[in-house]
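One-based numbering along the sequence shown. Note that this is a predicted model, so its numbers are computed, not measured. FYI, side chains are in, hydrogens and waters are out, and symmetry mates aren't considered; it's all heavy atoms of this structure.
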Amino acid sequence: MRALRGATQVDADEREQILDRSAELVSAVLERNELVAADIISIWFTATPDLTAEFPAYAARLLGLTDVPLMCATEMSVPGALPRVLRLLAHVETPKARSEMRHVYLHGARALRTDLPQ
């Protein structure tokens, strides 16, 4: 079992933007790590407090992840933190070593973790 991190930033607190960027993030995590839906154990999503228009997990459901445990929470409100950010922590089954896993940071969220292999 391995854990994968990812994040993306949306331009506005709009339902379609949250769904689109969340779906893009989940898809990129799966693609970059050569995973399929059956490999996913669970995904934990967080959103910064300024995002309330939709649950990011709903985008995963729309992608067909209907039998995967998904959870959403609000990210801590830290002064100076990057606004309008959606994050995920995915637990997956894979034979790959931790060093082979590719975390995904998209759009403005790329600035969050330049130290991780993507």
In the structure I gave you, are the side-chain heavy atoms of Val26 and Leu88 within less than 4.5 Å of one another anywhere?
yes
Gap separating the CD1 atom of Ile43 from the CG atom of Leu65, nearest 0.5 angstrom
5.5 Å
same_hphob_cluster(Leu89, Val104) at 4.5 Å side-chain heavy-atom cutoff
no
What's the separation between atom CG in Asp11 and atom NE2 in His107, rounded to the nearest 0.5 Å?
8.0 Å
Given side chain to side chain contact (heavy atoms under 4.5 Å, CB included), test Leu51 with Leu86 step by step and report yes or no.
CA-CA 8 Å; Leu51 297 178; Leu86 301 165; 3.6 Å; yes
Closest non-hydrogen atom pair, Ala60 against Phe45
CB-CZ, 4.1 Å
List for me each residue that meets side-chain hydrogen bond (donor to acceptor under 3.5 Å, both in side chains) alongside Asp50, sequence neighbours excluded, and say none if there are none.
Thr48
So, taking the atom named CG in Leu82 and the one named CZ in Arg110, what distance separates them when rounded to the nearest 0.5 Å?
12.5 Å
Okay, side chain of Arg15, backbone of Glu54: is any donor-acceptor separation there less than 3.5 Å?
no
Taking all heavy atoms of Glu93 and all of Leu35, pick out the closest pair and write down the distance.
O-CD2, 4.1 Å
Worked check of side chain to side chain contact (heavy atoms under 4.5 Å, CB included) between Gln17 and Arg84:
CA-CA 11 Å; Gln17 180 126 150; Arg84 301 177 317 282; over 6 Å; no
If you apply the rule side chain to side chain contact (heavy atoms under 4.5 Å, CB included), what do you find for Thr94 with Asp39, and how did you get there?
CA-CA 7 Å; Thr94 179; Asp39 298 325; over 6 Å; no
Between His103 and Arg5, is there a donor-acceptor pair closer than 3.5 Å when you use the side chain of the first and the backbone of the second?
yes
Arg2 side-chain N/O to Lys96 backbone N/O, donor-acceptor pair under 3.5 Å
yes
Count I, L, V, M, F, W, Y as connected when their side-chain heavy atoms are under 4.5 Å apart, and connections chain through other members. Are Leu30 and Val92 then in the same cluster?
yes
Is Leu19 linked to Val29 within one hydrophobic cluster, defined over Ile, Leu, Val, Met, Phe, Trp and Tyr using a side-chain heavy-atom separation of less than 4.5 Å?
no
Quick check: does any side chain N or O of Arg87 sit under 3.5 Å from a backbone N or O of Thr46, one acting as donor and the other as acceptor?
no
Identify, with sequence neighbours excluded, every residue that meets side-chain hydrogen bond (donor to acceptor under 3.5 Å, both in side chains) alongside Glu14.
none
Which atom names give the shortest non-hydrogen contact between Met76 and Pro49, and what distance separates them?
O-CD, 4.4 Å
Just wondering, do Val85 and Leu112 contact through their side chains at under 4.5 Å, heavy atoms?
yes
In short, Ala73 meets Trp44 closest at the heavy-atom pair CB-CZ2, 3.8 Å
Do the side chains of Leu4 and Leu70 join up, straight or via other hydrophobic residues, at under 4.5 Å, putting them in one cluster?
yes
In the hydrophobic clustering (ILVMFWY, side-chain contacts below 4.5 Å, transitive), which residues join Ile41, or is it alone?
Met1
Where do Ala3 and His91 come nearest, in terms of heavy atoms and distance?
CB-CD2, 4.1 Å
Is there a donor-acceptor pair under 3.5 Å between the side chain of Asp13 and the backbone N or O of Thr52?
yes
To the closest 0.5 Å, what do you measure between CD (Glu34) and CZ (Arg102)?
10.5 Å
Is there a donor-acceptor pair under 3.5 Å between the side chain of Arg61 and the backbone N or O of Val68?
yes
Looking at every non-hydrogen atom in both residues, tell me the closest pair between Ala59 and Ala23 and how far apart they are.
CB-N, 3.8 Å
